[in-house]
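Remarks on the structure that follows.
Both ligands and their constituent atoms are indexed starting at 1 by order of listing.
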Amino acid sequence: MSGLIEKALLTEEQIQTRVKELAEEIERDFNGEDVLLVGILKGAVVFVSDLMRNMKINVSIDFMAVSSYGNSTTSSGVVKLIKDLDTDIKNKNVIIVEDIIDSGLTLNYLQKNLRDRSPKALKICTLLDKPERRKCDIPVDYCGFEIPDKFIVGYGIDYAEKYRQLPYIGIVETK
Ligand code: IMP
Ligand code: MG
């Protein structure tokens with residue numbers, strides 16, 4: 001199944017250690033207050049589930065889905081809301097949980113969309129960040145790893161819907 005994977009970029013152990021640290025950072029920042037983790041489908045599903053299991057404060061979860069790369073490896077730049085939240089976020093501590101920030105267009109849209117709903121706090125947490133590819137300025141509050149401009153898969157992240165189940169992050173051979 002891993003025939004297209006060139007090499008591992010982050011091991012399962014590296015990811016798990018960092019996720020634990022991020023959970024602790026969030027807990028500290030919110031000082032015992034409840035938080036709502038908003039996972040961005042589908043890529044952030046694995047990250048959200050590990051993140052919440054490392055948190056001892058009260059956590060609730062909700063999900064949004066937006067249009068993404070489809071089966072290609074480059075962004076169209078068009079963001080469309082496919083699934084909205086089930087819950088009202090007014091006066092809540094909201095953390096958007098993303099798998100990876102590339103151009104930043106997805107988060108730019110999501111951040112504006114959620115800010116209009118008057119949450120108490122709105123933070124951004126991403127497992128991975130490709131800063132070289134950024135097209136708009138995004139204030140990232142919690143970042144797992146900065147990575148080079150390579151197409152990666154695993155830990156929830158796909159290539160044509162495959163490889164999400166890998167417990168590590170691998171670089172895909174795109175040549
Ligand atoms: P952005 O809007 O360009 O920041 O794109 C963010 C989204 O693009 C992520 O949530 C992923 O779904 C997808 N994406 C970006 N880079 C990669 C990659 O290397 N592998 C798989 N998906 C990616
Ligand atoms: Mg995504």
Side-chain angles (χ1 to χ4, degrees), residues 1-12 14-16 18-19 22-23 26 36-52 61-85 89 94-116 122-175:
M1 192 200 73
S2 58
L4 264 174
I5 312 269
E6 203 175 293
K7 62 172 181 175
L9 180 67
L10 296 165
T11 65
E12 181 173 5
Q14 283 175 301
I15 297 168
Q16 293 303 331
R18 189 69 187 119
V19 170
L22 289 173
I26 293 170
L36 170 69
L37 302 180
V38 172
I40 309 308
L41 296 172
K42 301 171 201 168
V45 161
V46 178
F47 182 33
V48 167
S49 70
D50 278 346
L51 192 63
M52 69 188 290
I61 57 167
D62 204 340
F63 293 93
M64 288 175 100
V66 290
S67 62
S68 62
Y69 287 1
N71 288 350
S72 138
T73 58
T74 49
S75 178
S76 63
V78 180
V79 181
K80 197 173 117 204
L81 188 60
I82 292 164
K83 185 222 169 285
D84 203 349
L85 295 173
I89 60 165
V94 177
I95 304 173
I96 304 174
V97 182
E98 241 309 19
D99 49 2
I100 178 165
I101 309 180
D102 191 46
S103 68
L105 292 166
T106 306
L107 270 173
N108 191 47
Y109 167 83
L110 286 169
Q111 197 193 25
K112 285 193 182 126
N113 183 300
L114 294 187
R115 194 181 284 131
D116 286 347
L122 184 62
K123 304 275 184 193
I124 290 175
C125 176
T126 187
L127 180 71
L128 308 172
D129 186 3
K130 289 180 187 169
E132 286 169 55
R133 303 256 307 168
R134 199 59 39 81
K135 286 193 188 133
C136 47
D137 201 28
I138 300 289
V140 184
D141 302 285
Y142 307 99
C143 173
F145 303 92
E146 287 196 355
I147 62 166
D149 181 15
K150 302 269 186 203
F151 195 82
I152 56 86
V153 292
Y155 198 71
I157 302 166
D158 74 309
Y159 174 55
E161 292 300 324
K162 288 201 206 97
Y163 310 112
R164 292 192 197 275
Q165 80 226 58
L166 299 177
Y168 63 92
I169 303 273
I171 298 176
V172 174
E173 175 70 77
T174 48
K175 275 165 258 154

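Taking a 4.0 Å cut-off on heavy atoms, Arg133 fails to register as neighbouring ligand 1. Residue Asp158 places a heavy atom under 4.0 Å from ligand 1. The shortest heavy-atom distance from Val153 to ligand 1 is not under 4.0 Å. The closest approach between a heavy atom of Gly104 and any atom of ligand 1 is below 4.0 Å. Residue contacts with ligand 1: Lys135 is excluded, as none of its non-hydrogen atoms falls under 4.0 Å.
Between the side chains of Asp50 and Tyr155, a donor-acceptor pair is found at a separation under 3.5 Å.
For residues 143-155, every residue pair satisfying the salt bridge (charged side-chain N to carboxylate O under 4.0 Å, His left out) rule, not counting sequence neighbours, is listed here: Arg133-Asp149.
Counting only non-hydrogen atoms, the option in Arg164, Lys150, Glu98, Lys130 that gets closest to atom 17 (C) of ligand 1 is Lys130. The option with the heavy atom closest to atom 5 (O) of ligand 1, from among Asp102, Leu41, Leu110, is Asp102.
Annotation: Ile101 places no N or O atom under 3.5 Å from an N or O atom of ligand 1; distance criterion only. Of the N or O atoms in Ile152, one or more lie within a sub-3.5 Å distance of an N or O in ligand 1.
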Using side-chain contact (heavy atoms from CB on, under 4.5 Å), reason through Leu81 and Met64 one step at a time and then give a plain yes or no. CA-CA 8 Å; Leu81 188 60; Met64 288 175 100; 3.7 Å; yes

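Closest of all the heavy-atom pairs between Tyr168 and Leu10 is CB-O, 3.3 Å.
With respect to Ile100, the side chain to side chain contact (heavy atoms under 4.5 Å, CB included) criterion is satisfied by exactly one of Leu127, Asp129, Ile147, Ile169: Ile147.
In this structure Arg115 satisfies the salt bridge (charged side-chain N to carboxylate O under 4.0 Å, His left out) test with no other residue, sequence neighbours excluded.
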